[in-house]
Amino acid sequence: MSTCLPTTIPAEETKTQEEWIPLFNGKNLDGWNVKIRGYDLNENFGNTFRVEDGLLKVSYDQYDEFAEKFGHLFYKDPFSHYIIRVEYRFTGEQSKGGPGWAFRNSGIMVHGQTPETMTKDQRFPVSIEVQLLGGKGTGKRPTANLCTPGTHVVMNDKLFKPHCTSSHSQTYHGDQWVTVEVEVRGNEIINHRVNGKTVLSYTKPQLDKKDADAQKLIQNGAPIMLEKGTISLQSESHPIEFRKVELLKLKP
């Protein structure tokens, strides 16, 4: 079972530092870099990542078949202590050939590697993934879950190795807008919040020494404990839209 830790931002910090930085300007993809599996950096196959009607869209209308072309849209600057806030919704039908688990599935990757260090055929960046899921119409399917491509975290004072674990969020069916915040405090703690409610917390994000992609980073001098890294948004075969992507820097 995942555990939510009672960690919140001090009131004085929220009052004095409400300087949200818009990472998405509502007009274009300035400040972002595209990496799609099987393609070179910034080769935006099928116009997967695009801006239309003021929305950042992940679309597959120019795909014949998904064929595991997992993609990520990386913000240009790394960060260490911050809150990232997105407003998202899933839309339409999944791309032909998308895996079953990727139905209404996307993610916010934090503490990630740079796109330049990814291999051309690498599926996901080594990172901490805040998994975004939409409901299937019936049943429970929480969002803001945790997945760990090439990484581990600590929960309940123990190294936590399962690849994915569910949050305590509600299920959001249909095409409704959902607000997710990720509070990242270096290597100390990461909190997931959905519509203002904390739904998952963990500490000490770190590289998985047994993961092949993480091993390459370690061999090139990357520290095991993750203090900072890239932020990226996923394309995993189901259309998704973002109408807000913004960041609040926190004091270390």
Side-chain angles (χ1 to χ4, degrees), residues 23-24 26-29 32-39 42-75 84-109 112 115 118 121-125 127 129-147 149 163-167 169-180 182 192 194-195 199 231-245:
L23 302 188
F24 167 54
K27 300 176 181 178
N28 52 46
L29 296 178
W32 296 84
N33 294 296
V34 175
K35 179 63 184 78
I36 295 175
R37 182 172 182 258
Y39 297 87
N42 284 322
E43 187 174 351
N44 191 8
F45 172 82
N47 197 24
T48 302
F49 297 99
R50 65 184 75 165
V51 179
E52 294 175 338
D53 303 320
L55 302 175
L56 196 167
K57 297 184 178 183
V58 183
S59 303
Y60 307 94
D61 53 356
Q62 297 180 30
Y63 282 53
D64 291 328
E65 189 169 357
F66 185 66
E68 294 198 341
K69 291 189 281 288
F70 299 104
H72 295 80
L73 183 67
F74 288 81
Y75 191 67
I84 182 169
R85 180 164 64 197
V86 306
E87 295 180 6
Y88 75 92
R89 68 177 178 185
F90 290 99
T91 63
E93 301 296 324
Q94 186 178 15
S95 174
K96 179 182 178 182
W101 54 261
F103 173 83
R104 290 184 176 257
N105 188 337
S106 185
I108 308 165
M109 325 298 276
M118 292 179 66
D121 204 43
Q122 190 171 332
R123 288 158 54 105
F124 309 103
S127 56
E129 177 187 349
V130 181
Q131 183 189 53
L132 307 179
L133 293 180
K136 296 184 176 181
T138 58
K140 295 182 179 180
R141 200 174 190 231
T143 190
N145 305 315
L146 167 69
C147 293
H163 177 57
C164 289
T165 187
S166 296
S167 78
S169 87
Q170 299 178 21
T171 300
Y172 297 91
H173 299 292
D175 296 358
Q176 62 181 302
W177 290 101
V178 181
T179 299
V180 167
V182 189
H192 299 189
V194 180
N195 291 342
V199 296
I231 293 171
S232 61
L233 305 174
Q234 282 191 313
S235 64
E236 288 194 305
S237 75
H238 202 113
I240 186 172
E241 299 176 350
F242 297 88
R243 66 180 178 187
K244 182 179 291 185
V245 183

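Pairing each heavy atom of Gly98 with each of Phe66, the nearest pair is N-CB, 3.9 Å. Looking at every heavy atom in both residues, Leu133 comes nearest to Arg141 through CD2-NH2, 3.7 Å. Contact detail for Ser237 and Ala102: the closest heavy-atom pair is OG-CB, 3.5 Å. Here the closest heavy-atom approach between residue Ser95 and residue Glu65 is recorded as OG-C, 4.3 Å. Nearest heavy atom pair, residue Gly54 against residue Phe24, reads O-CE2, 3.5 Å. Across every non-hydrogen atom of His192 and Val182, the tightest pair is CD2-CG1, 4.3 Å.
Distance CG/Leu73 to CD1/Ile231: 11.5 Å, rounded to 0.5 Å. Atoms NE2 and CD, on His163 and Gln131 in that order, are 8.0 Å from each other to the nearest 0.5 Å.
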Mind running side-chain contact (heavy atoms from CB on, under 4.5 Å) on Phe74 and Trp32 for me, showing each step along the way?
CA-CA 5 Å; Phe74 288 81; Trp32 296 84; 5.6 Å; no
Checking side-chain contact (heavy atoms from CB on, under 4.5 Å) for the pair Asn105/Ile240: CA distance, chi angles, key distance, verdict?
CA-CA 9 Å; Asn105 188 337; Ile240 186 172; over 6 Å; no
side-chain contact (heavy atoms from CB on, under 4.5 Å) between Phe242 and Leu55, worked out:
CA-CA 6 Å; Phe242 297 88; Leu55 302 175; over 6 Å; no
What verdict does the salt bridge (charged side-chain N to carboxylate O under 4.0 Å, His left out) test give for Arg89 and Glu241, after you've listed the backbone C-alpha separation in whole Å, the side-chain angles of each residue and the deciding distance to 0.1 Å?
CA-CA 5 Å; Arg89 68 177 178 185; Glu241 299 176 350; 3.0 Å; yes
Yes or no on side-chain contact (heavy atoms from CB on, under 4.5 Å) for Glu236 and Phe124, after CA distance, side-chain angles and deciding distance?
CA-CA 10 Å; Glu236 288 194 305; Phe124 309 103; 3.3 Å; yes
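The pair Arg243-Glu87 meets the salt-bridge criterion, with a side-chain N (NZ, NE, NH1 or NH2) lying under 4.0 Å from an Asp/Glu carboxylate O.
Under the 3.5 Å distance criterion, the side-chain polar atoms of Arg37 are matched with a main-chain donor or acceptor of Glu68. Side-chain atoms of Lys35 come within 3.5 Å of backbone atoms of Tyr39 as a donor-acceptor pair (strictly under, hydrogens ignored). Checking side-chain atoms of Asn44 against main-chain N and O of Val34 turns up no donor-acceptor pair under 3.5 Å. With Gln94 contributing its side chain and Pro99 its backbone, the two residues share a donor-acceptor pair below 3.5 Å.
In this view, Glu52 and Arg50, Lys57 satisfy the salt bridge (charged side-chain N to carboxylate O under 4.0 Å, His left out) rule, not counting sequence neighbours. Asp64 is linked by a salt bridge (charged side-chain N to carboxylate O under 4.0 Å, His left out) to nothing, counting only residues two or more places apart in sequence or in another chain.
No donor-acceptor contact under 3.5 angstrom links the side chains of Ser106 and Gln234, judged on distance only. Between Asn195 and Tyr172, the side chains place a donor N or O and an acceptor N or O closer than 3.5 Å (distance only, hydrogens not considered). In this model, a donor atom of one side chain and an acceptor atom of the other lie less than 3.5 Å apart for Thr48 and Tyr63.
Between Thr179 and Val86 there is no side-chain heavy-atom pair separated by less than 4.5 Å. You'll find the side chain of Asn145 stays beyond 4.5 Å of the side chain of Val199, heavy atoms only. Two residues are said to be in side-chain contact when any heavy atoms from C-beta on lie closer than 4.5 Å; Val194 and Thr143 meet this criterion.
Identified under the salt bridge (charged side-chain N to carboxylate O under 4.0 Å, His left out) test for residues 97-106, with sequence neighbours left out: Arg104-Asp175.
The environment of Gln176 atom CD is dense: over 12 non-hydrogen atoms of other residues, nucleotides or ligands sit within 6.0 angstrom.
In this structure, Phe70 and Trp101 have parallel ring planes: the angle between them is below the 30° cut-off, well short of the 60° mark. Under the 30°/60° scheme for interplanar angles, the aromatic rings of His238 and Phe90 are found to stand perpendicular.
Screening Pro115, Ser127, Ser235, Ser232 for a side-chain contact (heavy atoms from CB on, under 4.5 Å) involving His72 leaves a single residue, Ser232.
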